[in-house]
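By convention here, the first residue in the shown sequence is residue 1.
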Amino acid sequence: HEVHSFSLSFGSRCYQLSKFLLFSLLWWITGSPFLSILLLLLIFYFLDRRYVGLFPSVTRPIKIARRQSKIKQELLLNPHHTSHKQELAGILMGKRQYAQALPYIQQVHEIIPDSPEVLYQLGLCHMKLGNVEEGERLILKALDANPMLRYGEPYLALGEVYSHRDAAKALHYLERIRDIHSSSVETYYHLGKLFLKLDRQPEAKAAFKEARQIYRSLPKYLRRQQRKWAWLSWFK
């Protein structure tokens with residue numbers, strides 16, 4: 001334990017020293033401490049976006065807005081394009097605009113009523129808009145059709161909603177994620193956060209540990225997209 005503590009302390013000091021040396025070098029080059037701080041922040045941002053992904057992308061909201069505008073224009077020309085309606089509903093749900101997303105996903109559900117993905121999206125909209133029982137029914141129907149749907153995300157959604165209403169039911173849904181052996185680091189990170197919310201410290205610790213273990217077992221080409229959640233789990 002003492003060796004581990006020393007190594008962490010030594011690593012932290014080296015990291016602080018490297019930042020100081022880099023800042024000093026930038027100050028020497030630019031001649032301005034304010035410009036040096038700005039450049040230092042930009043360097044850390046680009047390194048994070050390249051290797052970790054903790055900071056949000058500054059271009060992603062612009063790309064999403066352009067895509068949303070393009071889909072709406074295409075739907076004016078072809079109002080029966082089902083895949084465009086589903087994609088638009090997904091974009092709106094990503095922005096937490098569930099009331100605007102609901103009509104689009106309802107129209108998609110009328111065309112493909114048995115799709116697990118569509119059932120989940122429709123159920124999530126209902127739950128977020130306060131119609132919890134109908135939302136739960138639709139999400140459970142989606143999970144009956146595909147228990148591995150979105151690597152356990154539907155169980156997280158159910159657990160989050162019921163964490164405010166029925167702790168026992170919330171725990172039941174969260175435990176189902178372990179049963180399906182999800183390989184998503186992000187899922188286990190959010191699982192740990194929900195356990196913390198429910199004041200279940202041992203289960204939260206186990207979930208964050210599982211997130212890191214899953215990350216280490218992933219092939220290299222998948223680690224980049226999951227690295228953010230592994231780091232956040234480590235911080236927790």
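One finds the CD1 atom of I180 at 9.5 Å from the OG atom of S184 (value rounded to the nearest 0.5 Å). Between Y104 atom OH and T82 atom OG1 the span is 13.5 Å, to the nearest 0.5 Å. The CZ atom of F208 sits 10.5 Å away from the CZ atom of F195 when rounded to the nearest 0.5 Å. A distance of 12.0 Å separates CD in Q213 from CG in L218, rounded to the nearest 0.5 Å. Taking SG of C125 as the start and CG of L138 as the end, the distance is 10.5 Å to the nearest 0.5 Å. Atom NZ of K70 is separated from atom CD of Q73 by 9.0 Å, given to the nearest 0.5 angstrom.
Side-chain contact between Y189 and E210 is absent, with no heavy-atom pair separated by less than 4.5 Å. Within the 4.5 Å cutoff, side-chain heavy atoms of L102 are placed close to those of L122. Under the 4.5 Å side-chain criterion, counting only non-hydrogen atoms from C-beta, H172 is not in contact with Y162. Contact of the K128 side chain with the E160 side chain is registered, since non-hydrogen atoms from C-beta on lie closer than 4.5 Å. Taking 4.5 Å as the limit, every side-chain heavy atom of H164 sits out of range of all side-chain heavy atoms of V161. For the pair S69/R67, no side-chain contact is recorded, criterion being any heavy-atom separation below 4.5 Å from C-beta on. Between I91 and I71 there is a side-chain heavy-atom pair separated by less than 4.5 Å. Taking the side chain as every heavy atom from C-beta outward, E74 and N78 never approach each other to under 4.5 Å.
When every heavy atom of H81 is checked against every heavy atom of S83, the shortest pair comes out as CE1-OG, 2.7 Å. Residues A230 and V185 approach most closely at N-CG1, 3.6 Å, considering heavy atoms. Of all non-hydrogen atoms in M93 and A101, the two that sit nearest each other are CG-CB, 3.6 Å. Nearest heavy atoms, L119 versus A142: CB-CB, 3.7 Å. In terms of heavy-atom proximity, I214 sits nearest to S183 at CG2-O, 3.3 Å. Scanning both residues, A99 and L129, for their nearest heavy atoms gives N-CD2, 3.8 Å.
In the hydrophobic cluster analysis, where Ile, Leu, Val, Met, Phe, Trp and Tyr join through side-chain heavy atoms closer than 4.5 angstrom, L75 is grouped together with I64. Residues L88 and I105 do not share a hydrophobic cluster, clusters being chains of Ile/Leu/Val/Met/Phe/Trp/Tyr side chains in contact below 4.5 Å. Under the 4.5 Å side-chain contact rule for hydrophobic residues, Y215 and L222 share a cluster.
Heavy-atom contacts from other residues, nucleotides or ligands closer than 6.0 Å to CZ of R200 number 12 or fewer. Counting non-hydrogen atoms of neighbouring residues, nucleotides and ligands closer than 6.0 angstrom, the NZ atom of K169 exceeds 12 such neighbours. Within 6.0 Å of atom CZ in R60, 12 or fewer heavy atoms from other residues, nucleotides or ligands are found, so the atom counts as exposed in its surroundings.
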Indicate every side-chain donor-acceptor pair of residues 143-159 with a distance under 3.5 Å to a residue at least two apart or in another chain.
| residue | atom | partner | partner atom | Å |
| --- | --- | --- | --- | --- |
| N146 | OD1 | M148 | N | 3.2 |
| R150 | NE | E117 | OE1 | 3.3 |
| R150 | NE | E117 | OE2 | 3.0 |
| R150 | NH1 | E153 | OE2 | 3.0 |
| R150 | NH2 | E117 | OE2 | 2.3 |
| E153 | OE2 | Y120 | OH | 2.9 |
| Y155 | OH | R176 | NH2 | 3.1 |

Inset, instruction - Run the numbers on Q201 and D199 for side-chain contact (heavy atoms from CB on, under 4.5 Å), then give the verdict. - result: CA-CA 6 Å; Q201 302 291 337; D199 199 25; 3.6 Å; yes
Legend entry - Evaluation steps, side-chain hydrogen bond (donor to acceptor under 3.5 Å, both in side chains), between Q121 and Q86: CA-CA 9 Å; Q121 290 179 300; Q86 186 174 3; 3.1 Å; yes
Inset, instruction - Please step through side-chain hydrogen bond (donor to acceptor under 3.5 Å, both in side chains) for the pair H126 and E134, ending with a clear verdict. - result: CA-CA 7 Å; H126 277 294; E134 176 64 8; 4.9 Å; no
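Ion pairing between R165 and E133 holds under the 4.0 Å rule for side-chain N and carboxylate O.
Although no hydrogens or angles enter the test, the distance criterion places no donor-acceptor pair under 3.5 Å between the side chain of E186 and the main chain of Q226.
A search for salt bridge (Lys or Arg N to Asp or Glu O under 4.0 Å) contacts involving R223 returns nothing, not counting sequence neighbours.
Residue pairs satisfying the side-chain hydrogen bond (donor to acceptor under 3.5 Å, both in side chains) criterion with at least one member in residues 91-103, sequence neighbours excluded, are listed as follows: Q68-K95.
A perpendicular orientation is assigned to the rings of F235 and W231, their planes being inclined by more than 60° (bins at 30° and 60°).
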